*Asks:* 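Sharing a structure here in structure tokens format.
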Amino acid sequence: QVQLVESGGGLVQAGGSLRLSCEVSGLTFSSFAMGWFRQAPGKERDFLARITRSGANTYYADSVKGRFTISRDNAKNTVFLQMNSLKPEDTAVYYCAADSGRLPTTRGQRYDYWGQGTQVTVSS
């Protein structure tokens with residue numbers, strides 16, 4: 001079956017960095033665009049970043065542009081989210097997701113598969 005497993009979350013001080021990983025199995029990884037989302041308690045799930053199948057193109061939410069970087073390694077079936085200059089408001093559960101569609105989208109409903117999430121907590 002399809003599995004997306006996030007890792008790399010944890011507790012970090014404001015201004016620090018974390019690198020999230022999402023290892024994917026059960027599908028042809030290079031046939032899916034990948035995205036990262038997050039959800040804070042009591043808030044809606046927010047789009048963060050998206051990377052195309054080849055990794056040639058990336059898209060970011062304004063809230064993380066310049067601080068977060070999405071990348072992928074198709075040989076290792078893994079997508080990454082490098083997060084720098086973290087702020088307390090970045091505290092959330094972070095999810096990776098796979099999209100078989102070809103049109104760039106920030107809508108979570110368009111993604112086909114989701115991971116279980118990893119907690120990121122940024123202390124002030």
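In this text, all values refer to a predicted model and were calculated from it rather than measured experimentally.
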*Asks:* Relative to the ring of W114, is the ring of Y95 parallel (under 30°), tilted (30 to 60°) or perpendicular (over 60°)?
*Replies:* perpendicular

*Asks:* Can you see which heavy atom on S85 is nearest to which on S17, and at what distance?
*Replies:*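 Reported closest heavy-atom pair: N-OG, 4.4 Å.
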
*Asks:* Which atoms form the tightest heavy-atom contact between T78 and S21, and what is the distance?
*Replies:*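 Looking at all heavy atoms of both residues, the closest pair is CG2-CB, 4.3 Å.
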
*Asks:* Between Y94 and L81, what is the shortest heavy-atom contact and its length?
*Replies:* CD2-CD2, 4.3 Å

*Asks:* Under 3.5 Å, is there a donor-acceptor pair between the side chain of E6 and the main chain of Q116?
*Replies:* yes

*Asks:* Looking at SG of C22 and CZ of F80, how far apart are the two atoms once the value is rounded to the nearest 0.5 Å?
*Replies:*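 Going from the SG atom of C22 to the CZ atom of F80 covers 10.0 Å.
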
*Asks:* Between the side chains of S30 and N74, does any donor sit under 3.5 Å from an acceptor?
*Replies:*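 The answer is no; no qualifying pair exists.
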
*Asks:* What's the spacing between T52 OG1 and I70 CD1 if we round to 0.5 Å?
*Replies:*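 So the gap between those two atoms works out to 9.5 Å.
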
*Asks:* Looking only at heavy atoms, which two atoms of A98 and L27 are closest? And how far apart?
*Replies:*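 Closest heavy-atom pair between A98 and L27: CB-CD2, 4.5 Å.
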
*Asks:* Once you round to the nearest 0.5 Å, how far does OG1 of T91 lie from CG of L11?
*Replies:*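 Going from the OG1 atom of T91 to the CG atom of L11 covers 8.5 Å.
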
*Asks:* Going by atom types alone, do R67 and Y60 pair a side-chain donor with an acceptor below 3.5 Å?
*Replies:* no

*Asks:* Around atom CZ of R110, are there more than 12 heavy atoms of other residues, nucleotides or ligands at under 6.0 Å?
*Replies:*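 Counting neighbours around CZ of R110, 12 or fewer heavy atoms of other residues, nucleotides or ligands fall under 6.0 Å, so no.
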
*Asks:* Main chain of T105, side chain of Y111: is a donor-acceptor contact present, judged purely on distance under 3.5 Å?
*Replies:* yes

*Asks:* Could you tell me whether the side chain of Y59 reaches within less than 4.5 Å of the side chain of L48, counting heavy atoms only?
*Replies:* no

*Asks:* Mark yes when over 12 heavy atoms from residues, nucleotides or ligands other than E23 sit less than 6.0 Å from its CD; otherwise mark no.
*Replies:*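 Check fails, neighbour count at 12 or below.
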
*Asks:* Which heavy atom in F37 sits nearest to a heavy atom in A97, and how many Å separate them?
*Replies:*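 Reported closest heavy-atom pair: CE1-CB, 4.2 Å.
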
*Asks:* How far apart are the closest heavy atoms of D99 and R53, and which atoms are they?
*Replies:* O-NH2, 4.0 Å

*Asks:* Looking only at atom types and distance, does a side-chain atom of Q39 sit under 3.5 Å from a main-chain N or O of E44, one as donor and one as acceptor?
*Replies:* no

*Asks:* Side-chain contact, heavy-atom cut-off 4.5 Å: M83 with D90?
*Replies:* no

*Asks:* Which distance, rounded to the nearest 0.5 Å, do you find between the CD of Q13 and the OG of S124?
*Replies:* 9.5 Å

*Asks:* Say you draw a straight line from CG of D46 to OG of S63; how long is it, rounded to the nearest 0.5 Å?
*Replies:*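 Output value for this atom pair is 7.0 Å.
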
*Asks:* Quick check on the 6.0 Å ring-centre criterion: do W36 and F47 meet it?
*Replies:*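 Distance test on ring centres: not under 6.0 Å, no.
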
*Asks:* For the pair D62 and K65, find out whether any cationic side-chain nitrogen is under 4.0 Å from an anionic carboxylate oxygen.
*Replies:*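 So D62 pairs with K65 through a salt bridge.
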
*Asks:* Flag the pair R72 / M34 as yes when at least one side-chain heavy-atom distance between them is below 4.5 Å, and no otherwise.
*Replies:*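 SC-SC contact between R72 and M34 confirmed.
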
*Asks:* Is there a side chain to side chain contact (heavy atoms under 4.5 Å, CB included) between V120 and L18? Walk through the geometry before answering.
*Replies:* CA-CA 9 Å; V120 171; L18 283 174; 3.9 Å; yes

*Asks:* Got a second to check how far T69's OG1 is from N84's CG, nearest 0.5 Å?
*Replies:*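 It is 6.5 Å, given to the nearest 0.5 Å.
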
